[in-house]
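One structure is given below, encoded as structure tokens.
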Amino acid sequence: MQNSRKISVWFIILIFICIVLIGFGKTLRGIRVQSQLASVFSPFQKYTLYFFNALKIKQENKILRQKVSMLALENQQLTGYKYENEKLASLLGFKAQSSCTLLAARIISRSQEPISGTCLIDKGKMDGIERDLPVVVPDGVYGKVLEVTKNTAIVQTIFGFNFRVGAVDLRSGVQGIVGWEKGKGCVFEQVPVHSDIKIGDKIITSGIGSVFPKGLKIGEVSEINIDKTKLFYSVPLKPACKFSKIDYVFVMKEASESFQNNKEFVYESIGWKVSLIKDERVKETNNEKPTRFAKDSARRDRNKREKKRAFSVKFKAPEPVIRPELRPTRLPRSDPVPMESGFLRNKRSGTEPASPKQSGGQE
Amino acid sequence: MIVLSILAFIFCIIQISILRSIAILQVIPDIVLIIVIYVALFHGKIAMWFGFFTGFFIDLYSSKLGYSALINTVIGYGIGNFASQFSREVPVLWVIMLFGGSLFQKMVLFAVQKELSLFFFGRYVILGSLYTTVVGVIIFFILRKIEQGKK
């Protein structure tokens with residue numbers, strides 16, 4: 001009972017102290033004392049927080065590590081996208097400038113042996129790709145379509161040993177063939193030894209061969225080693241495009257009118273005066289299956305010939321001398337045709353001979 | 001009693017430092033009040049000392065010096081006096097004592113607040129009392145197991 005009374009007294013004392021504290025806490029001195037007393041216990045508070053934060057930080061660290069690895073991966077992807085974007089932007093710029101119908105394609109694999117110089121693109125028959133269509137990049141000629149499947153196509157690049165394209169020196173007009181030679185790489189061959197060729201000369205397609213239109217960049221002459229014991233020599237070229245650095249290419253589906261006009265302009269600018277009519281005749285004589293370029297070119301030329309009769313053959317082929325004993329009327333049909341009777345062979349196949357009398361320029 | 005004193009001190013440190021991280025809707029349980037009610041229920045009126053010192057400690061880190069000390073002292077003394085008449089091992093009594101004690105404390109603190117609003121009342125008084133009750137029951141079970149294990 002006494003103990004209970006004692007506790008009650010203490011309770012009243014404590015209540016009184018609390019009331020005093022409430023009053024004291026409102027004074028400036030009380031606040032100062034309160035803050036000083038609070039600082040006494042602050043190390044406990046500090047270490048408790050430190051311990052708790054350590055646990056929290058450990059968890060956070062684990063999450064952040066995961067995030068860092070994810071972000072690193074994302075960063076790698078974005079770097080790849082950036083690189084791809086830059087490339088695509090440059091290709092788009094090229095496509096916008098080009099006057100031809102171009103089909104963009106992605107290179108999905110390259111041949112392991114560098115000498116074969118082929119690659120696989122992700123466009124095929126379904127996209128309108130056909131054999132022998134030229135493949136170009138903004139830098140210039142890349143190759144031609146070798147084989148076509150439904151969704152893919154094999155491209156024979158300019159870096160392969162089988163590749164050949166008719167070429168011409170843009171400055172001097174010297175003609176030749178660009179191909180691949182073992183040990184030298186890309187070369188401008190079949191060039192007469194006394195031709196005017198200099199280092200740095202730009203080599204473009206000549207249009208002969210009917211695969212590539214005229215005027216596409218191939219490369220430039222990198223060195224000249226003249227061997228006067230030969231009639232023709234091979235000039236090493238520095239190709240305009242880099243085989244390994246190209247991811248996207250354009251398949252040239254058809255050339256526009258302006259491009260064809262440009263072809264003529266290129267011809268005139270290099271001083272090579274040969275009419276397109278002659279090209280057409282050569283194709284017909286050889287019974288080659290004309291490509292789309294050849295067809296377009298022939299159609300346009302035929303129209304021009306009919307309307308204007310202005311495309312004259314300035315480069316006159318020598319008039320064939322036909323000896324009376326070799327006239328076709330005297331020869332039996334089964335007899336072999338003599339070498340010099342190309343004219344007669346043309347007659348038999350029904351095509352026009354290369355006679356200046358029948359060409360529009362002679363009238 | 002020494003163990004309970006140390007535990008009360010640890011609870012005070014936890015209350016003022018890290019308990020904010022387990023807040024639900026910015027409401028935290030009052031574990032200092034839980035230890036005071038526990039002592040009051042199972043050890044009688046001596047809980048008023050626990051209430052005074054723990055309340056004073058909490059007041060050092062609040063803007064209202066003396067209020068928590070006063071309320072905790074009253075709760076410790078009141079529950080210690082009241083609980084002696086009942087069987088203390090009934091969990092329902094724990095819930096009633098915890099919720100009643102917490103509600104009283106928060107009502108008084110709510111009454112001295114300058115900003116009185118229904119939102120504040122619902123959130124800090126009702127939800128705070130419920131949260132303290134739930135956490136209190138769990139702590140009570142743990143402490144009872146420890147004390148019974150000692151015996």
Side-chain angles (χ1 to χ4, degrees), chain A residues 1-68 70-71, chain B residues 6 8-23 31-32 36 39-40 43-82 84-85 105 108-109 111-112 114:
Chain A
M1 193 68 183
Q2 274 187 347
N3 192 27
S4 177
R5 191 174 292 167
K6 204 176 168 182
I7 286 170
S8 299
V9 171
W10 273 115
F11 174 67
I12 292 161
I13 293 167
L14 288 177
I15 295 296
F16 179 73
I17 292 169
C18 287
I19 292 164
V20 170
L21 280 173
I22 288 167
F24 184 63
K26 286 176 181 171
T27 62
L28 193 67
R29 199 176 172 185
I31 293 166
R32 207 173 290 159
V33 172
Q34 184 186 359
S35 63
Q36 281 173 355
L37 279 171
S39 65
V40 173
F41 296 102
S42 62
F44 294 103
Q45 193 183 1
K46 189 180 163 186
Y47 285 112
T48 311
L49 275 171
Y50 181 78
F51 178 73
F52 183 75
N53 285 341
L55 292 172
K56 212 175 170 182
I57 285 165
K58 199 179 172 184
Q59 278 185 334
E60 264 183 19
N61 195 29
K62 196 180 171 184
I63 295 164
L64 287 172
R65 273 174 192 275
Q66 282 179 342
K67 272 191 179 175
V68 164
M70 279 171 69
L71 286 170
Chain B
I6 294 165
F9 180 69
I10 292 168
F11 274 28
C12 285
I13 298 286
I14 291 169
Q15 182 79 42
I16 59 168
S17 55
I18 60 173
L19 213 66
R20 187 63 58 189
S21 59
I22 59 161
I31 57 169
V32 172
V36 171
V39 175
H43 300 278
K45 292 174 189 172
I46 199 167
M48 70 178 183
W49 291 104
F50 276 80
F52 176 76
F53 285 111
T54 56
F56 178 70
F57 188 87
I58 298 296
D59 282 338
L60 289 177
Y61 297 94
S62 74
S63 58
K64 292 179 176 63
L65 186 66
Y67 281 96
S68 289
L70 178 67
I71 294 162
N72 286 8
T73 306
V74 172
I75 288 169
Y77 181 81
I79 291 175
N81 198 22
F82 178 78
S84 58
Q85 299 164 20
Q105 183 211 39
V108 173
L109 288 175
V112 297
K114 286 177 183 172

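Heavy-atom minimum distance, A:Gln34 versus B:Leu60: NE2-O, 3.4 Å. In terms of heavy atoms, B:Val74 sits closest to A:Phe11 at CA-CE1, 3.8 Å.
Proximity of B:Phe52 to A:Ile17: side-chain heavy atoms (C-beta onward) are separated by under 4.5 Å at one or more points.
In terms of heavy-atom pairs under 4.5 angstrom with chain A, the leader among B:Asn81, B:Ile46, B:Ile16 is B:Ile16. For the options A:Gly30, A:Cys18, A:Ser35, heavy-atom pairs under 4.5 Å to chain B are most numerous at A:Cys18.
With a threshold of 4.5 angstrom between heavy atoms, B:Tyr67 approaches chain A through its backbone and through its side chain. Looking at A:Ser8, the atoms closer than 4.5 Å to chain B (heavy atoms on both sides) sit in the backbone and in the side chain alike.
Annotation: side chain to side chain donor-acceptor pair (under 3.5 Å) contacts of B:Ser68 (sequence neighbours excluded): B:Asp59. By the side-chain contact (heavy atoms from CB on, under 4.5 Å) test, A:Phe16 is found to be paired with A:Val20, residues two or more places apart in sequence or in another chain being considered.
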request  = Could you check A:Leu14 against B:Tyr77 for side-chain contact (heavy atoms from CB on, under 4.5 Å), going step by step and ending with a plain yes or no?
outcome  = CA-CA 11 Å; A:Leu14 288 177; B:Tyr77 181 81; over 6 Å; no
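To the nearest 0.5 Å, the span separating CG on B:Leu65 from CD1 on A:Ile31 amounts to 9.5 Å.
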